[in-house]
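Per chain, numbering begins at 1; letters A, B, ... match sequence-line order.
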2 protein chains.
Amino acid sequence: MPDTRPKRTRTFEDVLAQLERRIADDGLTAGDRLPAERQLAEELGVSRSSVREAMRVLETLGVVTSQVGRGPDAGAVLISRPDHTLTDLLRLHLGLASLEPREVIDTRLMIERWAAARAASAAADTSALAVALAGMDAARSAEEFVEHDTAFHCAIADASGNRLIAAFMRSLRDSMRRHAVEAVEQLGDTTVLRAGHVRILAAIRAADPEEAARAVADHLADAYPSLF
Amino acid sequence: MPDTRPKRTRTFEDVLAQLERRIADDGLTAGDRLPAERQLAEELGVSRSSVREAMRVLETLGVVTSQVGRGPDAGAVLISRPDHTLTDLLRLHLGLASLEPREVIDTRLMIERWAAARAASAAADTSALAVALAGMDAARSAEEFVEHDTAFHCAIADASGNRLIAAFMRSLRDSMRRHAVEAVEQLGDTTVLRAGHVRILAAIRAADPEEAARAVADHLADAYPSLF
DNA sequence: CGTTCCTCTATGGTCTGACCATACTGTGGT
DNA sequence: ACCACAGTATGGTCAGACCATAGAGGAACG
């Protein structure tokens with residue numbers, strides 16, 4: 001008897017496993033539709049409540065989205081959006097005080113250094129970076145500035161070509177949005193931040209990975225002086 | 001009219017918001033209990049189904065765990081386990097083909113270089129690393145080897161002192177477990193891997209961050225030759 | 001033939017009420 | 001002091017109902 005653990009399996013977990021298996025077996029990808037809740041319940045021999053709880057899990061994990069109504073777009077459609085999941089994850093665990101802001105900032109620094117270096121090596125498209133830069137120059141409030149600043153830094157992650165890194169970057173920014181606005185307001189003058197952005201962009205365009213990483217590190221030190 | 005979207009809010013999302021607010025306001029942390037489902041339903045004026053769906057989301061995000069029965073340990077208890085969430089997230093999105101293994105490996109390399117360097121700088125406790133090393137020497141199968149190998153690499157992340165990084169590392173390893181076993185089996189001889197581990201451990205003990213990062217990078221190149 | 005309008009229907013979202021297994025609580029007997 | 005047993009609060013599940021939504025499909029009309 002190798003398995004002495006009773007390890008009760010709840011019904012919705014079984015539904016979850018069946019759905020995951022079905023996705024793998026049928027080779028379903030983003031855009032494909034899952035059967036309707038009532039139909040799934042009947043097929044699997046469970047109640048609709050259990051199916052719904054499984055759907056809620058998949059939705060939380062950014063794997064499906066649900067639309068009411070009728071037609072090709074209605075029902076549970078497979079998507080691929082890990083962003084919201086990570087954002088919720090970080091926000092909640094920050095709220096639970098089980099993660100320190102310092103840990104999040106350090107993680108962001110790690111990611112952004114890597115992404116900038118990678119973008120520089122890959123001769124990535126930098127047009128999104130330029131657009132965000134212009135947006136920051138036109139910003140007339142801290143919130144507006146932070147919005148374009150976020151776009152700039154997420155564009156760096158996008159330019160790295162790694163979607164997992166990019167999703168993580170977006171989530172880190174989103175979960176720290178409040179801190180970012182406060183930091184910008186405390187700073188008052190944003191010219192030093194602009195200089196940092198220009199330097200990062202130049203390094204990526206010059207295909208200089210090490211300079212890009214250094215520029216990012218220096219820029220974050222400017223943005224969060226209290227943490228360095 | 002900047003916001004024409006009615007953006008319907010489902011009941012369980014409202015419950016989620018209320019719960020998050022309550023956690024923040026009451027300063028609840030891991031170990032504290034949430035009210036019972038029936039009580040929450042009555043307090044918030046919603047059905048128990050909606051409360052349960054919200055609970056399922058929180059459970060998926062690694063914020064609560066539910067125990068049946070009665071007593072101090074029963075009911076919904078706040079926890080702090082982002083590990084399973086991240087693991088599920090990666091596994092499902094890999095299954096959906098919305099993430100390439102290459103992206104996951106790259107992410108792991110980024111994390112582990114950072115963690116090793118940080119551990120070296122922080123003069124971290126390396127006893128867990130030594131234990132895992134001994135475990136690998138005693139391993140008599142690829143699975144067993146990978147198990148201790150995972151422990152070794154997670155110990156590096158733990159030693160960095162950043163719990164977010166550590167959780168991410170653990171999830172990356174878990175979601176790539178199958179690949180790791182295959183890689184070890186293909187490699188056959190594990191002496192080169194052992195040498196890499198010894199070098200990493202030595203660098204961390206010598207408080208040499210740059211050598212630690214280099215050692216990790218070289219080691220991963222040895223472990224996944226097909227990807228470099 | 002095309003267009004407009006209305007009805008039908010499948011969908012997710014919500015609620016109610018019930019029953020079950022579980023695991024502690026408390027009581028009563030020894 | 002101990003033990004056995006009924007009580008009870010908990011999450012887990014189910015069945016069935018109703019609602020709002022939004023496309024599908026046909027009917028009426030030009």
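Counting non-hydrogen atoms of other residues, nucleotides and ligands closer than 6.0 Å to CZ of B:R163 gives a total above 12. Residue A:R33 qualifies as enclosed at atom CZ: its count of foreign heavy atoms under 6.0 Å is above 12.
Regarding B:E13, its CD atom lies at a distance of 16 Å from the P atom of C:dG12, rounded to whole Å. The CG atom of A:L58 sits 13 Å away from the P atom of C:dG12 (whole-angstrom rounding). At whole-Å resolution of the value, CD in B:E42 and C1' in D:dA9 are 14 Å apart. One can place CZ of B:R56 at 10 Å from P of D:dG11, the figure rounded to the nearest angstrom. Following rounding to the nearest Å, B:R38 (CZ) and C:dA18 (P) show an atom-to-atom distance of 12 Å. For the pair A:R52 CZ and C:dT11 P, the computed distance is 14 Å after rounding to whole Å. Separating the CE atom of A:M55 from the C1' atom of C:dT14 is a distance of 17 Å, rounded to the nearest angstrom. Atom C1' of nucleotide C:dG13 and atom CG of A:L40 are separated by 16 Å, given to the nearest angstrom.
If you check every strand for non-hydrogen atoms under 4.0 Å, B:A74 touches nothing.
For the OP1/OP2 pair of C:dG13 and a distance below 4.0 Å, the side-chain nitrogens and oxygens of B:S50 include no atom meeting the criterion. Between C:dT11 and A:S66, no contact under 4.0 Å exists linking OP1 or OP2 to a side-chain N or O. The side chain of B:T11 places an N or O atom within less than 4.0 Å of a non-bridging phosphate oxygen (OP1 or OP2) of C:dT14.
A donor-acceptor contact shorter than 3.5 Å links the side chain of A:H93 to the backbone of B:L61.
No hydrogens or angles were tested; on distance alone, nothing pairs the side chain of B:R70 with the base of C:dT25 as donor and acceptor under 3.5 Å. One can find a donor-acceptor pair under 3.5 Å joining the base of D:dG12 and the side-chain atoms of B:R48.
For A:S47, counting side-chain heavy atoms from C-beta on, the closest listed nucleotide (C:dT14, D:dC14, D:dG11) is D:dC14. Among D:dG23, D:dA15, C:dC24, the nucleotide with an atom closest to any side-chain atom of B:P72 is C:dC24. When the nucleotides D:dA15, D:dA9, D:dG12 are ranked by their closest atom to the side chain of A:R10, D:dG12 comes out on top.
Taking the six-membered ring wherever Trp is involved, the centroid distance between the rings of A:H219 and A:H153 falls below 6.0 Å.
With the nearest nucleotide of DNA chain D identified for both A:S49 and A:V68, A:S49 has the one nearer the 5' end. Remark on DNA chain D: of its neighbouring residues B:E37 and A:G69, the 5'-side contact belongs to B:E37, judged by nearest-heavy-atom nucleotide.
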Worked check of salt bridge (charged side-chain N to carboxylate O under 4.0 Å, His left out) between B:R22 and B:D25: CA-CA 5 Å; B:R22 183 176 298 211; B:D25 289 355; over 6 Å; no
